[in-house]
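Notes for the one structure printed next.
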Amino acid sequence: MARSALLNVMVQAAMKAGRSLARDFGEVQNLQVSLKGPSDYVSQADHKAEEIILGELARARPTYSVLAEEGGEKKGTDGMHRWIVDPLDGTTNFLHGIPVFAVSIALERQGEIVAGVIYNPAMDELFTAERGNGAFLNDRRMRVAGRRALSDCVIGTGVPHLGRGAHGKYLVELRNVMGEVAGVRRMGAAALDLAYVAAGRLDGFWEDELSPWDLAAGIVMIREAGGFVSDRDGGSKMFEKRNVIAGNERIHKDLSAVLKRPA
Ligand code: IPD
Ligand code: CA
Ligand code: CA
C-alpha cells in the first residue's frame, strides 16, 4: 500500500494526536470517581489534540485553509485546499472512560474530499483512504459488507439526547428500522461509525445533525471501500444538510426507503 506524501502527513498528525489522547484517556479513567468528573480535563485534552494536528498539518502545508471543530475556520492563501479536523470524535465516550473515540482528518480539494484518516488510539486502528487509491484498515484493504438483505444487517445510528435532535421523528425512524434488521448499534463516534461501514463491520449507518468534521474523512473512506454515502435525500449535500445515510448500494437504498416511511 503506497501512501501519498499528503496522506502520510495526515497519518503522522492523527497518530501523534492519538498518542496524546491515549495518555489523557488513562488519566480520565482515574478522575471518574470525582463528583464533578473529568470534563475540564477532557476539554483540555481535546484542545491539545487539535493543536498537535494543526501544528503538524501547517508545518507540511502552511498555505492550506482549515476547518477544525474547536478553532473553527481559518482561511489560507491556497484557495484550493482545506483540512477538515475533528481532534476528538466521541467526546462523551472519552469523558465516561469508554474506549470508543477517534481523531478524524480529511483533505478537501476544490470542494471534493480527496483523502481521509480516522484513528482510534485505544484500539490502535488506523483507517485511511485516498480518492482513486482505495481504503485501508492498518495495512489491509477495506471493502463495505456485501449483505443484501436488511434482515441480516447491523445498522449504526446516532441517538438524539438532552438538548439535541428531533426526538419524536427519531423514534419513528428507529421503530421502522429496528423491525427490519438484525441489530442496531449506537457507538457514539460518528467518524468511527463511518469507518466501520467502510470496513464492513456495520452494514449501514444513518444520523442527523452532524458537522463536516464528523463526516468528511468517512465519506471518502466509504466511497473508496465501494460503498454509497449520501445525504438523507440521496444527494451529496451532507455538509449543508448535516445528515447522512451509508451502506453498500443495496442497503443504502433499502435503508433510505425505510427511513422515509411514515409513522
Ligand atoms: C459527536 C459524535 C457522536 C454524534 C454527535 C457528534 P463529538 O461528536 O460523533 O457520535 O452522535 O452528533 O457531535 O462531539 O464527540 O466530536
Ligand atoms: Ca465529532
Ligand atoms: Ca469533537
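Counting starts at 1 for both ligands and their atoms, following the listed order.
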Can any side-chain N or O of [X] pair as donor or acceptor with the backbone N or O of [Y] at less than 3.5 Å?
X	Y	result
Asn93	Val100	yes
Arg186	Val159	yes
Ser211	Asp214	no

Heteroatoms of the protein, restricted to N/O/S, which lie under 3.0 Å from the Ca ion (ligand 3):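 As for protein N, O or S atoms lying under 3.0 Å from the Ca ion (ligand 3), they are Glu69 OE1, Asp86 OD1, Leu88 O.
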
Let me confirm one number: the CG-CD distance from Leu255 to Glu173, rounded to the nearest 0.5 Å. 9.5 Å

Do any pairs count as a ring pair (Phe, Tyr, Trp, His ring centres under 6.0 Å) and have a residue in residues 180-214, sequence neighbours left out, and if so which ones?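 Non-adjacent pairs meeting ring pair (Phe, Tyr, Trp, His ring centres under 6.0 Å): Tyr170-Trp206.
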
Check side chain to side chain donor-acceptor pair (under 3.5 Å) between Arg141 and all other residues, then give those that pass, not counting sequence neighbours.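 Arg141 satisfies side chain to side chain donor-acceptor pair (under 3.5 Å) with no other residue.
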
Between Phe94 and Phe25, does the ring centre distance come in under 6.0 Å? yes

Would you indicate whether the side-chain heavy atoms of Trp83 and Arg61 approach each other to under 4.5 Å? yes

For a distance cut-off of 3.5 Å, show me each N or O of ligand 1 paired with any protein N or O, plus the separation.
residue	atom	partner	partner atom	Å
ligand 1	8 (O)	Asp89	OD1	3.0
ligand 1	9 (O)	Asp89	OD1	2.6
ligand 1	9 (O)	Ala190	N	2.8
ligand 1	10 (O)	Arg186	NH1	3.1
ligand 1	10 (O)	Gly188	O	3.2
ligand 1	10 (O)	Ala189	N	3.1
ligand 1	10 (O)	Ala190	N	3.3
ligand 1	11 (O)	Arg186	NH1	3.1
ligand 1	11 (O)	Arg186	NH2	3.1
ligand 1	11 (O)	Glu207	OE2	2.5
ligand 1	12 (O)	Arg164	NH2	2.6
ligand 1	12 (O)	Glu207	OE2	3.2
ligand 1	13 (O)	Arg164	NH2	3.3
ligand 1	15 (O)	Gly90	N	2.8
ligand 1	15 (O)	Thr91	N	2.8
ligand 1	15 (O)	Thr91	OG1	2.9
ligand 1	16 (O)	Glu69	OE1	3.4
ligand 1	16 (O)	Asp86	OD2	3.3
ligand 1	16 (O)	Leu88	O	3.1

Between Asp208 and the options Arg164, Lys241, Arg232, the side chain to side chain donor-acceptor pair (under 3.5 Å) test singles out Arg232

